[in-house]
Amino acid sequence: MNADTLLFVVAPYVALTLAIVVSVLRWRRHPFSVSALSSQLLESKKLFWGTVPFHWGISLILVGHFLALITPRSIELWNGEPIRLYLLELTGLALALWAGFGLAVLIYRRVTQARIRAVTSPMDVVVLSVIFVQIVTGIWIAVGYRYGSFWGTSVFVPYVRSLLVFQPEPELVAALPHVLKAHVIAFWTFLALFPFTRLVHIVTVPIGYLTRPWQRVVRLQRERWVYHPGSPRPIRKNR
Amino acid sequence: MTPGFRRFVFIVALLLAGFASVGTAVGQEDGKAVYDATCAACHQAGGIGVPGAFPPLADNPDAADGPYVESVIREGLSGPIEAPGGTFNGEMPAFGQLSDAEVAAVVAYLATLADREVGTTVTTSGQPAATDPDRGERFFRGSTTFANGGPACAACHAIGDGGQFGGPGLGPDLTGVVGRYGGPAGINAVLLSPPFPTMQPLFSDHPLVGGEVADIVSYLEGFEGQQPDRGIDVLVISGVAGLAVLLMLTVIVFRRPRPPYIQKLRSLA
């Protein structure tokens, strides 16, 4: 077995199996652990500039990738006119930069804020690193190997489809430049990590979070929680 | 290389090839398979070559010179060369993707071709009568799709002063490519069966057909003698401008003043 088979055939199947099986197990056995583990209460100003650009940017880009996978022909026909191709590529690049800006803020916040560092697990660092690689290689490809929306429908779409129908064709990606391969490998890594980390919150499809006001912390003025001597838990006490 | 030495190499290679063909019939078949997949696009099946562009490998003593052939495969070759059948001026890229075993197999296979008489020389200089550069441009850009569903050239390649909005594509710039491949016949042969590892899997199931190739070649010929000119990087500049717009939207749309939650609850009641 050569490296290409390992990276572009074995790795995706292992990653896909882990993503599905472990997600289902986690959902059934530890349903309350399926969470993004918000740290908004610990720090919220920087979080706004990180989470809003990152989540909007990355979601729209994922929708674009998914559209190409399910209907590549429509994208090819759209791209047949240079001006339309330019608009699509420009939109993709701007969204990627937006998501990258948000991720940079999130990483900065996690590293510099003591309160956030205190709740950071090693897996959070791994997750941020993998997404960072994914976004940097994505921007690199958009700028340095132009028109991914155009050649991607002939290179990556048949490759992913070949995996989904269990007739893998790794030769489609094996001869590509290293940056493109890194983008693919980072995605399989992302998929494999997904059920073991806070990324698992994606399975809840939290679409509503994209449109609701980004902060809604409700304080009940008329009651408070106090610790009584000898009580392990706080109890509610009306004023 | 003197003719005498060349003949000597030729005979040694012939003997080696003879031993090889007796000893490793499997290896020779592999060599033919590699040749058909990688070399035949330009040098044609059976090694008959393309006049003016790609020299014949059958009935060509140079093709039996193992070390020479190997170095050409490894490093590529460009510029005019003399070979049986006249002068040839195609451009051969380096084929780094071939393994040592594959190169050795091709070298062995070529040695068996070198002494083979070429019965008929195919002339491909006669282009099909009606080629349409405008239709070629539509194929190139992708506004007219290929019959077998292959990807448009512009997906990966820029040409002249247009194409990638000021930046590099996935594939090389095609300005002046017809000359680099020794004229229309050469580029025609390449497009009908691309030898490059990136293009091969894309077009093996979706081959171009003769009329399409002829139109594209006539479009490509219009850029002969020009220099690639991409100007300023429009995509990057407008992408950064797009980021600025999105950051403004972030403030306008999401940082709006929020009404107290109690208001929403009252409105629901």
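We name chains A, B, ... by the order of the sequence lines, and we start the count at 1 in each one.
If you measure heavy-atom distances from B/V234 to chain A, the contacts under 4.5 Å come from both the backbone and the side chain.
With sequence neighbours left out, the side chain to side chain donor-acceptor pair (under 3.5 Å) criterion links B/E102 to B/S99. Evaluation of the side chain to side chain donor-acceptor pair (under 3.5 Å) rule for B/Y35 yields no partner, not counting sequence neighbours.
For a heavy-atom cut-off of 4.5 Å, chain B lies close to A/E171, A/L172, A/A175, A/L176, A/P177 in residues 164-177 of chain A. Of all residues spanning residues 129-143 of chain A, those with a heavy atom less than 4.5 Å away from chain B's heavy atoms are A/A142, A/V143, arranged by number.
Counted by atom type alone, A/N2 and A/T5 present one or more donor-acceptor pairs between their side chains at under 3.5 Å. Judged purely by distance below 3.5 Å, without hydrogens or angles, the side chains of A/H55 and A/T51 pair a donor atom with an acceptor atom. For the 3.5 Å distance criterion, the side chains of A/W56 and B/T250 fail to qualify, holding no donor opposite an acceptor.
A/Y159 and A/F8 have perpendicular rings, their planes meeting at more than 60° on a 0 to 90° scale where under 30° would count as parallel. Relative orientation of the A/F187 and A/F190 rings is parallel, given thresholds of 30° and 60° on the angle between their planes.
Using a distance-only test at 3.5 Å, with no hydrogens or angles considered, no donor-acceptor pair links the side chain of B/H157 to the main chain of B/D173. Remark: side-chain polar atoms of A/E89 are paired, donor with acceptor, to backbone N or O of A/S149 under 3.5 angstrom.
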